[in-house]
2 protein chains.
Amino acid sequence: MGKSLLNESPGGRIPQAQRLRDLLEDAIVEGHYAPGDRLDPEALARQYQCSRTPIREALTHLAASGMVKVAPKRGTFVARLSVTELVERFEVMAELEGMCGRLAARRMSDETLSALQQAQAACRQCMLNGDVNGYYYENGEFHRLIYEGSHNDFLAQEARRLHAMLKPYRRLQLHARHRLESSWCEHERIVTALIAGDADTAQRELRAHVLLQGERFNDLVASMQRLGQTPA
Amino acid sequence: MGKSLLNESPGGRIPQAQRLRDLLEDAIVEGHYAPGDRLDPEALARQYQCSRTPIREALTHLAASGMVKVAPKRGTFVARLSVTELVERFEVMAELEGMCGRLAARRMSDETLSALQQAQAACRQCMLNGDVNGYYYENGEFHRLIYEGSHNDFLAQEARRLHAMLKPYRRLQLHARHRLESSWCEHERIVTALIAGDADTAQRELRAHVLLQGERFNDLVASMQRLGQTPA
DNA sequence: CACCGTCCTGTTGTATACAACGATCTGCGC
DNA sequence: GCGCAGATCGTTGTATACAACAGGACGGTG
């Protein structure tokens, strides 16, 4: 955790608060902090060896992006999204990804396309090895490449933001039975559509791909609730 | 610092920085500050009778939402979106609005629908009176109601954010010739589709409606450049 | 025993002071 | 006249100190 000081010369040329924001976001996304955990500014300040100010700035930005929630005068907590909020976000994500796909089908460069195929190949390898974490990573690359392929920087930025926000939850349901295999098959259809330049199919497949994740998660939550483990 | 007498009800909280953020956002959206204007933290602090800290927080949040841009060590400026950035945002906006329409066609409550028809009637009145500002306001209501009608709070929030970001530019092209009339006709088709619960048509019409605004703006910019007036 | 008022403590939000970085301007040398 | 180097100034980013608010606990009272 304390591996951050080896960046630049003392004093740091890169804005400290921004670095902290990324660090915290990563920590949350990677599950280092669990949803519902309290993020104590003073503790974080000690941990990252700075004052409360940049911590505060990082936290408010994370709050704005929806990754943490502030309870006024009570503390800041890692966002614990309700099922409704989650489904809503997956709905929007599906639409944005579908849009990325539609645009990418027409605009994607050959380089990006081949990189996409490489990512898909890496996904396949992880799938065959049952390497869930590896798949998780390569899956992120896969989607990121499609965002870039849309050649709409603003869209790509928004998609990345939502992707990051949903990451912790997305990761959960990759462990579902045969989810890796079906996910990879869906990817395959998407790649085919993109290669063919078939915008409608790419859009439809990508939207379905993401929506399915939302539904799968819904199932997961339902089953967890049935087991008496409150997920939220 | 003097206690603000704008205090809400006892339950209401008074986050000063957030109020400033809204105030600044309004000021920018309303054209009080022009794109490219420098926002001097100290001047703003004097103007709003507070220190640089909440101003700074407001500005960084506005920067995150894309309404202002920071030039490191040079100052913070009202975002002067390039034509490309603008077109990208309109593209995304069109998709989100279309999505709102698709969902609203199925989920919209009767109350919201009748409110929408009222807004549309008000739009018609403004159109007949040639009241561009009035139309501008009622148009905002019209779209906001559709966002709410989607019954996806997250989507509505994102749509509102983008809507606010594009407001200054959207306003410009309402002055284009016959734009009010054609805008109103497009609204009419949208309302019809929503009443009929025709999700596909609502989505298509809304997307086209917004995309058209983007294209119109593109035309406007092109003509302004032809006239030698830099568009911001 | 229950209820209510008060005090305490913990938290956030704000102000001010400070330091470091970068851009710009100026003067000197070529 | 031009280019480069150094100083100056303005800007941001960070730290610390401070104030206000709310929640909870505790004790007193009915």
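In what follows, chains are A, B, ... by sequence order, proteins preceding strands, each numbered from 1.
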Item checked: CD-CZ distance between Glu57(A) and Arg52(A), expressed to the nearest 0.5 angstrom -> 13.5 Å

Note to self: dT11(D), OP1 or OP2 - any side-chain N/O from Arg38(B) closer than 4.0 Å?
What the structure shows: yes

Next item on the list: In whole angstrom, give the distance that lies between atom NZ of Lys69(B) and atom P of dT12(D).
Entry: 17 Å

Item checked: Residue Pro54(B), side-chain atoms from C-beta onward, closest of dA15(C), dT12(C), dA15(D) -> dA15(C)

Notebook entry, point to check: To the nearest angstrom, how far is Glu42(A) atom CD from dG13(C) atom P?
Noted result: 14 Å

Check: Is Pro72(B) touching bases, backbone alone, or none of the nucleic acid, heavy atoms closer than 4.0 Å?
Finding: nothing

Check: Counting side-chain heavy atoms from C-beta on, which of dG23(D), dT12(C), dT14(D) comes nearest to Ala17(A)?
Finding: dT14(D)

Item checked: Protein-nucleotide distance (Lys73(A), atom NZ; dG10(C), atom P), rounded to Å -> 15 Å

Next item on the list: Nearest whole angstrom, please: distance from the P of dG13(D) to the CG of Leu59(B).
Entry: 10 Å

Margin query: Could you measure the distance from the CG atom of Leu39(B) to the CG atom of Leu24(B)? Nearest 0.5 Å is fine.
Written below: 7.0 Å

Margin query: With rounding to the nearest 0.5 angstrom, report the CD to CD distance, Glu42(A) to Gln47(A).
Written below: 13.5 Å

Notebook entry, point to check: Do the rings of His209(A) and His187(A) sit parallel, tilted or perpendicular, given the 30° and 60° boundaries?
Noted result: perpendicular

Notebook entry, point to check: Just how far, in rounded Å, is P of dA15(D) from CD of Gln49(A)?
Noted result: 11 Å

Notebook entry, point to check: Can you check the Phe77(B) CZ to dT12(D) P distance for me, whole Å?
Noted result: 9 Å

Margin query: From CZ of Arg52(A) over to P of dA15(D), roughly how many Å is that when rounded to an integer?
Written below: 12 Å

Next item on the list: Go through dT12(C), dA15(C), dT12(D) for me and flag the one nearest to the Arg56(A) side chain.
Entry: dT12(C)

Note to self: His143(B) and side chain to side chain donor-acceptor pair (under 3.5 Å): which single residue from Glu97(B), His163(B), Glu148(B) fits?
What the structure shows: Glu97(B)

Check: Between dA15(C), dT12(C), dA15(D), which nucleotide has the shortest distance from any of its atoms to the side chain of Thr53(B)?
Finding: dA15(C)

Next item on the list: Using atom CD of Gln16(A) as one end and atom C1' of dA20(C) as the other, report the distance to the nearest whole Å.
Entry: 13 Å

